[in-house]
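Structure, as structure tokens:
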Amino acid sequence: MKKNYLSELFVLVLLLSQLTAFANEGLIVTSKEVPIKSNTFTSTTDPGWSYTCDDGIEVELLSLGLKNNVPVSLSIGDTKDIERVVVEIVYKGNNPGSTIEIEDADGNKYSASRVVPTGGSTNVWYYRTELPATSAVNYNNTTQASHAQSILAYVFRKKNNGTSSSGVFTALSGYNNIETTTIPIQTDSGPRTVTVELPISELTPDGRYIHIEVSAADGSFAELTETINSFPSGQCCIKVFELKMTNVAGNVDEIDIKIDTRTKKNGQTVNGQSWVMGGAIKTNVRCSCVENDTELPTANNFQDYILLEDLSQMPVVTFSDNCSAVTIEYQEYKSRESCDIDFNTTNTDSNVTFNGMAGDTEHSWSNGHYVQVLDGSAKILGRIRNNTDTNSGWDVNLYFEKVMGYALWINAGGQAPTAADKDRHKYGNVDFTKTNDFTGFGANATDNLALVNSNPHYLDIGPRDQFGYPSVAFYLAYSGNVNGQAIPSGQHIEMDGAFTKCVRARDGADLWVREWTVTDAAGNTAVFVQRVEVEVY
């Protein structure tokens with residue numbers, strides 16, 4: 001029942017009344033939105049776009065060459081975060097008429113009008129239109145198919161990616177000349193990386209060259225020179241060129257672009273390409289605060305336990321981050337018991353050990369929770385920090401089958417534990433039908449861990465004289481690669497902790513557990529668990 005909050009917010013409002021969580025307004029703005037106006041033409045679709053870090057909008061460019069390749073379908077994929085799609089088709093030498101029709105995945109048709117770009121190339125045209133969210137763009141007009149150059153889609157998605165994005169839809173062309181243009185970008189509070197993407201069509205794989213430069217007022221500069229001999233998709237005619245400038249000053253508010261295709265210039269011995277940039281110049285600006293952000297998102301109006309008379313009284317909880325927007329996954333369910341996990345009387349510095357791991361194996365729960373749901377199965381979730389580097393570790397979701405007493409456990413073939421009072425404990429196998437996650441953060445962000453479906457792997461809940469009571473433990477076989485080294489075969493993760501703040505379902509009340517997993521643009525994830533008792537009678 002996990003939900004991606006950003007795409008299903010309003011559904012939750014309708015279904016759950018006030019069971020709603022959303023990104024809080026009033027965040028600290030890390031980049032200033034700038035007005036976007038085309039410097040080459042007025043678009044009936046959109047003159048451009050400008051999104052800040054707090055907007056969290058990502059624009060993906062997808063393209064295919066078209067010469068003698070119509071009909072064609074351009075696949076987009078996952079549609080749940082798509083807000084809109086702008087589609088553009090370029091022709092050279094001839095065209096199919098004043099308008100064409102472009103279809104979405106459901107066969108709905110959208111009309112696009114013919115436009116002549118300005119610049120040094122001749123007999124070129126482009127068509128552009130806008131579609132709602134779709135999994136594919138289809139183009140079936142075979143008229144003048146030999147003159148079709150490219151299809152290009154700009155996919156606008158709601159993504160919390162730590163970048164601001166701006167773009168200008170252009171209508172430029174060139175041949176054996178220099179063309180220049182300027183586009184605005186957001187300012188920021190510090191130096192950042194600026195990536196410029198230029199989709200250029202009507203190219204031919206004949207060894208002629210194109211030279212591109214991007215620059216800024218602070219002296220930032222990047223360039224590339226490429227002779228065109230092949231294409232990443234299709235037999236022609238489009239490439240998306242990417243240039244990156246690092247440490248661009250925060251006060252820079254525009255980028256200059258120069259495209260040079262003069263004959264035998266720029267160190268070349270060949271002619272320059274003819275080209276059309278009917279598409280958008282796009283910039284991604286990495287927000288400066290995201291680069292070094294280790295601060296977790298925070299919750300507003302949050303209490304870990306509340307008692308209500310009616311389900312309709314469930315409080316609204318909001319979340320925010322000082323650097324960026326946040327992405328929220330939410331689920332809620334009835335349960336038997338919910339507890340926090342902490343140190344016990346013996347393990348006061350570490351309660352989780354990753355045996356066989358390169359580096360410090362000792363870790364500690366900084367935000368651990370145990371939940372047993374109505375069918376008797378259990379879940380452990382939260383954040384485990386490395387004891388040496390507390391800004392690194394693992395965000396964890398672990399699932400266990402029905403928790404049972406010792407006799408049932410042994411009769412079912414369960415691993416025999418070693419505790420002296422083991423017959424007073426309850427046990428549960430790892431549920432490998434569900435996804436058990438170890439998502440690294442900090443220095444472990446690119447590491448990977450996975451549980452191994454072999455004995456021993458079990459949850460153990462019960463009294464331990466040496467650890468105090470109540471206590472919780474698990475023993476999990478695992479594999480993976482950490483700090484560049486593989487986990488040796490046969491290693492395990494071991495936890496010995498204690499339950500605190502337990503809430504158990506009681507007669508006359510339902511115990512609801514609400515979970516929020518909140519992630520900012522830097523990947524910092526916080527888990528919030530609220531226990532809600534709702535009186536039934």
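- For the pair D188 (side chain) and C287 (backbone), a donor-acceptor distance under 3.5 Å is absent.
- In this structure, the side chains of V194 and I185 come closer than 4.5 Å at one or more pairs of heavy atoms.
- With respect to E515 and K379, a salt bridge is recorded, a charged nitrogen being found less than 4.0 Å from a carboxylate O.
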Exercise for review: I would like to know whether R157 and E58 meet salt bridge (charged side-chain N to carboxylate O under 4.0 Å, His left out); could you show each step before the answer?
Suggested key: CA-CA 5 Å; R157 284 189 172 92; E58 175 183 88; 5.2 Å; no
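- Between C289 and C323, a gap of under 2.5 Å is found separating the two SG atoms.
- Note that CG of N367 and CG of D342 are 10.5 Å apart. Values are rounded to the nearest 0.5 Å.
- At least one test fails for R514 against the ring of Y330: distance under 6.0 Å to the centre or angle within 45° of the axis.
- With a 4.5 Å cut-off on side-chain heavy atoms, T298 and D321 do not count as touching.
- Note on ring orientation: taking the six-membered ring where Trp is involved, the planes of F499 and Y370 are tilted (angle from 30° to 60°).
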Could you tabulate the donor-acceptor pairs under 3.5 Å formed by side-chain atoms of residues 477-489, not counting sequence neighbours?
unit_1	atom_1	unit_2	atom_2	d
Y478	OH	N355	O	2.8
N481	OD1	Q485	N	3.4
N483	ND2	A358	O	2.9

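- Shown here for R336 and D375, the closest heavy-atom pair between the two residues is NH2-C, 4.3 Å.
- In this structure a side-chain-to-backbone donor-acceptor pair under 3.5 Å is present from S324 to A521.
- A side-chain donor from one of D431 and T433 sits under 3.5 Å from a side-chain acceptor of the other.
- Rounding to the nearest 0.5 angstrom, the gap separating the NE2 atom in H457 from the CD atom in Q415 is 9.5 Å.
- Closest heavy-atom contact between V85 and P132: CG2-O, 4.1 Å.
- Side-chain contact check for V534 versus W512: some heavy-atom pair is nearer than 4.5 Å.
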Check your understanding: Checking side chain to side chain contact (heavy atoms under 4.5 Å, CB included) for the pair L459/I380: CA distance, chi angles, key distance, verdict?
Key -> CA-CA 10 Å; L459 175 68; I380 287 177; 3.7 Å; yes
Exercise for review: Test ring-ring contact (aromatic ring centres under 6.0 Å, His included) on F441 and W394 and set out the steps.
Suggested key: CA-CA 6 Å; F441 64 90; W394 312 91; 8.1 Å; no
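- For the side chain to side chain donor-acceptor pair (under 3.5 Å) condition, the pairs that include at least one residue of residues 357-366, sequence neighbours left out, are S350-E362, T353-E362, D360-T388, H363-N386, S364-N387, S366-R385.
- L511 is not listed as a side-chain neighbour of K334, based on a closest heavy-atom distance of 4.5 Å or more.
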**Study point:** Check against side-chain hydrogen bond (donor to acceptor under 3.5 Å, both in side chains), N300 and T318
**Key:** CA-CA 5 Å; N300 307 295; T318 62; 3.3 Å; yes
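- Between the R192 side chain and the A249 main chain, a donor and an acceptor come within less than 3.5 Å of each other.
- Checking T52, N284, T283 one by one against S166, the side chain to side chain donor-acceptor pair (under 3.5 Å) holds for a single residue, T283.
- Among L61, T195, V196, the single residue meeting the side-chain contact (heavy atoms from CB on, under 4.5 Å) criterion with E242 is T195.
- Heavy-atom neighbours of Q303 CD from other residues, nucleotides or ligands within 6.0 Å: at or below the threshold of 12.
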Point to revise | side chain to side chain contact (heavy atoms under 4.5 Å, CB included) between V137 and I76, intermediate numbers included | key: CA-CA 8 Å; V137 177; I76 295 178; 3.9 Å; yes
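- Judged by distance alone, the side chains of D460 and Y475 never bring a donor and an acceptor atom under 3.5 Å apart.
- Looking at V396 and L381, their side chains never come closer than 4.5 Å, going by heavy atoms from C-beta outward.
- Residues L62 and Y154 form no side-chain contact, since every pair of their non-hydrogen atoms from C-beta on lies 4.5 Å or further apart.
- Among R506, R531, R504, the one residue that satisfies the salt bridge (charged side-chain N to carboxylate O under 4.0 Å, His left out) test with E337 is R504.
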Review point. Going through the distances and angles, do D395 and F438 end up as a side chain to side chain contact (heavy atoms under 4.5 Å, CB included)?
Key: CA-CA 6 Å; D395 292 310; F438 285 87; over 6 Å; no
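- In this structure, the side chains of T193 and V248 stay at 4.5 Å or more apart for every pair of heavy atoms.
- Closest heavy-atom contact between H425 and P463: NE2-O, 2.7 Å.
- Nearest heavy-atom pair, S165 versus V59, reported as atom, atom and distance to 0.1 Å: OG-CG2, 3.8 Å.
- Within the 4.5 Å cutoff, no side-chain heavy atoms of Y399 are placed close to those of V430.
- In this structure, OG1 on T346 lies 5.5 Å from CG on N344, to the nearest 0.5 angstrom.
- For the residue pair S335 and Q372, the shortest heavy atom distance occurs at CB-O, 3.2 Å.
- Remark: side-chain polar atoms of N161 are paired, donor with acceptor, to backbone N or O of T163 under 3.5 angstrom.
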Review point. Could you go step by step and tell me if F319 and W516 meet the ring-ring contact (aromatic ring centres under 6.0 Å, His included) rule?
Key: CA-CA 10 Å; F319 303 90; W516 294 270; 5.6 Å; yes
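- When atom types are taken as modelled, the side chain of D55 and the backbone of I57 share no donor-acceptor pair closer than 3.5 angstrom.
- A side-chain donor from one of Q186 and S50 sits under 3.5 Å from a side-chain acceptor of the other.
- To the nearest 0.5 Å, atom OH of residue Y110 and atom CD of residue E130 are 10.0 Å apart.
- Residues W409 and G428 approach most closely at CZ3-C, 3.7 Å, considering heavy atoms.
- The aromatic rings of F474 and F400 lie parallel to each other, with less than 30° between the two planes, well short of the 60° mark.
- In the model, T519 has no side-chain atom that pairs as donor or acceptor with a side-chain atom of T327 under 3.5 Å.
- Checked for salt-bridge contact, D81 and K158 miss the test: no charged N lies under 4.0 Å from a carboxylate O.
- Defined by atom type and a distance below 3.5 Å, a donor-acceptor pair is missing between the side-chain atoms of N524 and E295.
- Between N351 and N347, the side chains place no donor N or O within less than 3.5 Å of an acceptor N or O (distance only, hydrogens not considered).
- Note: S135 OG to I82 CD1 = 8.0 Å, rounded to the nearest 0.5 Å.
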Exercise for review: Could you walk me through whether V371 and V373 pass side chain to side chain contact (heavy atoms under 4.5 Å, CB included), step by step?
Suggested key: CA-CA 6 Å; V371 179; V373 297; 4.2 Å; yes
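- Here the straight-line distance linking atom CG of L296 with atom CG of D520 works out to 7.5 Å at 0.5 Å rounding.
- Looking at N444 and S392, their side chains never bring a donor and an acceptor atom within 3.5 Å of each other.
- When atom types are taken as modelled, the side chain of N411 and the backbone of A407 share a donor-acceptor pair closer than 3.5 angstrom.
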